[in-house]
> 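The structure that follows is given in the form of structure tokens.
Indexing begins at 1, ligand by ligand and atom by atom, following the structure's order. Worth knowing before you read on, the calculation uses all heavy atoms, side chains too, and leaves out hydrogens, waters and symmetry mates.
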Amino acid sequence: MRILVTGGAGYIGSHTCKALAQAGHTPIVFDNLSSGHADAVRWGPLYIGDILDPDALDAVFANYRPDAVLHFAALAYVGESVTDPSRYYRVNITGTQTLLDAMRRRGVTRIVLSSSCATYGIPTVLPISEDTPQQPVNPYGFTKLAIERMVADYERAYGIRWIALRYFNAAGADPDGELGERHDPETHAIPLAIGAALGTALPFSVFGSDYPTPDGTAVRDYVHVTDLADAHMRAIIHLDTCGNSSAFNLSTGHGTSVRAVVSAVAIATDLHVPLLYSARRPGDPPALYARADRAAQVLGWQPRFVSIVPIVETAVSWFLKNGERKGHRIGTPEKNYVGNKVQSLTRGIK
Ligand SMILES: O=c1ccn([C@@H]2O[C@H](COP(=O)(O)OP(=O)(O)O[C@H]3O[C@H](CO)[C@H](O)[C@H](O)[C@H]3O)[C@@H](O)[C@H]2O)c(=O)[nH]1
């Protein structure tokens, strides 16, 4: 199949393009490179365009005649969505609608969408299932819920079939070392903790140690990016074989605390992770982890990575291999900042 991949120069999109190409499909990347990287597009053509631009979308559909669409292009910082909701509503909701309307004009009827655990808000029951009420607590989560509703309406009215994949915390890097996580600015826990250990970033700030969780730090479900890529492949095949439209959690079922992430980084790097304890980050739920039974039953999907250390190890390999070349200076352990407020794992964390 020829698959149009919006946001294919980004973190999850690029890993998925590699998986598509390895399975014999042709990924056609459509990306405005606002946060993606042209050098991550290696498995098919790159068309530089914006999902808010109907002419650019018409051109890429006309030139490449894709059979289906994988839609990753979006803004995805929860905190930024609170301070600048306008951009989130425009890019995520209007952008998705512009894309769906372009599909209608070209008669393309299959789409796999990136949704999020953020659509659940703060769940009262854990683990989350797809039937858990979706009550987002920030604009980002609301935009993802809105696009799930939008595709369902487009299916009823226009026959566009869809799969919404609700990612939990995407993590890790291509085990072959060809791709990894490169955000600017970087806000995610694992790359920041690795940077702190390697001395390329400030000490790692633990956002909140007074949560009602076993060790007091927030719990998330970290799912490996290559497992997410595999789920997209399965979703496309499901739609191609006339499977029903549906939403699926993509998660491991395991909750991992921020402390456990820091421990995993210390193990994977064999370095101390300098720490600071700070206040909770506004909008962060205490715990999010989920069952992915529906993806197992319907798509036959099982994550290959289920524990945090091997996930972090792939990310560390990527950082060590690519830090210099990508402009992130790899420091030495001796250069790690050690100040009064900084604690390291070997001194124990409280
Ligand atoms: O410097 C940091 C960064 C993060 N955290 C903590 O680590 C956990 C994970 O944080 P990330 O920033 O790595 O990930 P998020 O859970 O905030 O974000 C993920 O889930 C969001 C939905 O909730 C969006 O989908 C987003 O794109 C996706 O990366 C959170 O408890 C956070 O408070 C820290 O303690 N210190």
Side-chain angles (χ1 to χ4, degrees), residues 7 10-13 35 72-82 88 91-92 113-123 128 132 134-145 147-148 164-172 181-183 185-197 200-225 228 249-252 254-265 273-290 308 311-312 315 342-343 349:
Y11 173 43
I12 307 172
S35 56
F72 296 95
L75 300 178
Y77 291 111
V78 170
E80 187 183 61
S81 80
V82 176
Y88 278 71
V91 173
N92 293 2
L113 298 160
S114 302
S115 186
S116 172
C117 59
T119 61
Y120 293 112
I122 302 177
I128 294 167
T132 297
Q134 289 175 288
Q135 295 168 330
V137 293
N138 52 58
Y140 169 72
F142 183 78
T143 64
K144 291 290 174 175
L145 178 57
I147 67 174
E148 286 194 17
L165 297 175
R166 296 177 188 156
Y167 313 148
F168 281 68
N169 283 55
E181 187 168 6
R182 282 186 282 162
H183 296 116
E186 186 54 80
T187 63
H188 294 93
I190 292 174
L192 287 176
I194 293 171
T200 59
L202 295 170
F204 181 73
S205 285
V206 177
F207 294 147
S209 47
D210 57 350
Y211 282 107
T213 58
D215 67 16
T217 64
V219 168
R220 295 289 181 272
D221 192 329
Y222 295 89
V223 56
H224 198 269
V225 65
L228 295 180
N249 288 338
L250 296 181
S251 53
T252 66
H254 297 283
T256 302
S257 70
V258 174
R259 275 180 193 239
V261 166
V262 170
S263 298
V265 169
V273 182
L275 296 181
L276 291 169
Y277 286 92
S278 10
R280 294 183 183 191
R281 192 169 60 178
D284 268 350
L288 293 171
Y289 55 95
I308 192 67
I311 290 175
V312 168
V342 179
Q343 301 171 359
I349 52 178

> Give the atom numbers and elements of ligand 1 that come within less than 4.0 Å of a heavy atom of S116.
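Atoms satisfying the 4.0 Å criterion: 22 (C), 25 (O).
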> Please tell me if the side chains of S114 and K144 come closer than 4.5 Å, counting only heavy atoms from C-beta onward.
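Answer yes - side chains close enough.
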> Do we see a donor-acceptor contact under 3.5 Å between the side chains of Y140 and E80?
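Judged by distance alone, the side chains do not pair up.
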> For V206, take its heavy atoms, then give the atoms of ligand 1 lying under 4.0 Å from any of them.
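Near V206, meaning under 4.0 Å from one of its heavy atoms, ligand 1 has 35 (O).
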> Within ligand 1, which atoms have a heavy atom of Y140 less than 4.0 Å away?
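Matching atoms, with element in brackets: 24 (C), 25 (O).
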> Take atom CZ of F142 as the centre, draw a 6.0 Å sphere, and report whether it contains more than 12 heavy atoms from other residues, nucleotides or ligands.
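Incorrect, the count does not exceed 12.
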> S205 versus L276: any side-chain heavy-atom pair under 4.5 Å?
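Yes. Closest side-chain heavy atoms under 4.5 Å.
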> With a 4.5 Å heavy-atom cut-off, do F207 and V258 have their side chains touching?
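Answer no - side chains too far apart.
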> Heavy atom under 4.0 Å from ligand 1: found in L192's side chain, backbone, both, or neither?
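Just the side chain.
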> Can you pull out the closest protein heavy atom to atom 31 (O) of ligand 1? Residue, atom name and distance to 0.1 Å, please.
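Scanning the protein heavy atoms, the shortest distance from atom 31 (O) of ligand 1 goes to A218 CB, 3.1 Å.
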> Considering only protein heavy atoms, which is closest to atom 17 (O) of ligand 1, and at what distance to one decimal place?
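Going by distance alone, atom 17 (O) of ligand 1 is nearest to R281 NH2, 2.6 Å.
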> Measuring from L113:CG to F72:CZ, what's the distance to the nearest 0.5 Å?
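Nearest 0.5 Å value for the CG-CZ distance: 10.5 Å.
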> Closest by any non-hydrogen atom to atom 14 (O) of ligand 1: pick that one out of N169, V258, I190, V137.
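Selected option, by shortest heavy-atom distance: N169.
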> Please state which protein non-hydrogen atom is closest to atom 36 (N) of ligand 1 and give its distance, to 0.1 Å?
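The closest one turns out to be S205 O, 2.6 Å.
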> Nearest 0.5 angstrom please: T187 OG1 to Y77 OH, how far?
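One gets 5.0 Å once the value is rounded to the nearest 0.5 Å.
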> May I ask you to identify the nearest protein heavy atom to atom 21 (C) of ligand 1, giving residue, atom name and distance to one decimal place in Å?
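Closest protein heavy atom to atom 21 (C) of ligand 1: V78 CG2, 3.9 Å.
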> Which option, F207, Y120, Y77, owns the non-hydrogen atom nearest atom 1 (O) of ligand 1?
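Going through F207, Y120, Y77 one by one, F207 has the nearest heavy atom to atom 1 (O) of ligand 1.
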> About how many Å separate OH of Y222 and CD1 of I190, when rounded to the nearest 0.5 Å?
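Reported value, rounded in 0.5 Å steps: 5.5 Å.
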> May I ask you to check whether A76 has an N/O atom sitting below 3.5 Å from an N/O atom of ligand 1?
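Between A76 and ligand 1 (N or O atoms, distance only) the closest approach is under 3.5 Å.
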> Indicate yes or no: at least one non-hydrogen side-chain atom of I128 is less than 4.5 angstrom from one of F168.
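Yes. Closest side-chain heavy atoms under 4.5 Å.
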> Using a distance-only test with no angle check, is there a side-chain donor-acceptor pair under 3.5 angstrom linking Y88 and N138?
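Y88 vs N138: no donor-acceptor pair found between side chains.
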> To check your reading of the model: name the closest protein heavy atom to atom 33 (O) of ligand 1, its residue, and the distance in Å.
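For atom 33 (O) of ligand 1, the nearest protein heavy atom is D284 OD2, 2.5 Å.
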> Identify the closest protein heavy atom to atom 28 (C) of ligand 1: which residue and atom is it, and at what distance?
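For atom 28 (C) of ligand 1, the nearest protein heavy atom is H188 NE2, 4.1 Å.
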> Which ligand 1 atoms, with their elements, are less than 4.0 angstrom from a heavy-atom of A118?
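Counting atoms of ligand 1 from 1, those under 4.0 Å from A118 are 22 (C), 23 (O).
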> Under 4.0 Å from any heavy atom of Y222, which atoms of ligand 1 are there?
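What qualifies from ligand 1 is 8 (C), 9 (C).
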> Where's the contact between T187 and ligand 1, heavy-atom distance under 4.0 Å: side chain, backbone, both or neither?
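Under 4.0 Å from ligand 1, T187 contributes backbone atoms alone.
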> With the threshold set at under 4.0 angstrom, would you say F204 reaches ligand 1 through any of its heavy atoms?
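Judged by the 4.0 Å heavy-atom criterion, F204 does count as contacting ligand 1.
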> Can you check whether V82 reaches P139 side chain to side chain, under 4.5 Å on heavy atoms?
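Yes, close enough: below the 4.5 Å cut-off.
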> Identify, for atom 4 (C) of ligand 1, the protein heavy atom at the shortest distance, and state residue, atom and that distance.
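Going by distance alone, atom 4 (C) of ligand 1 is nearest to A189 CB, 3.7 Å.
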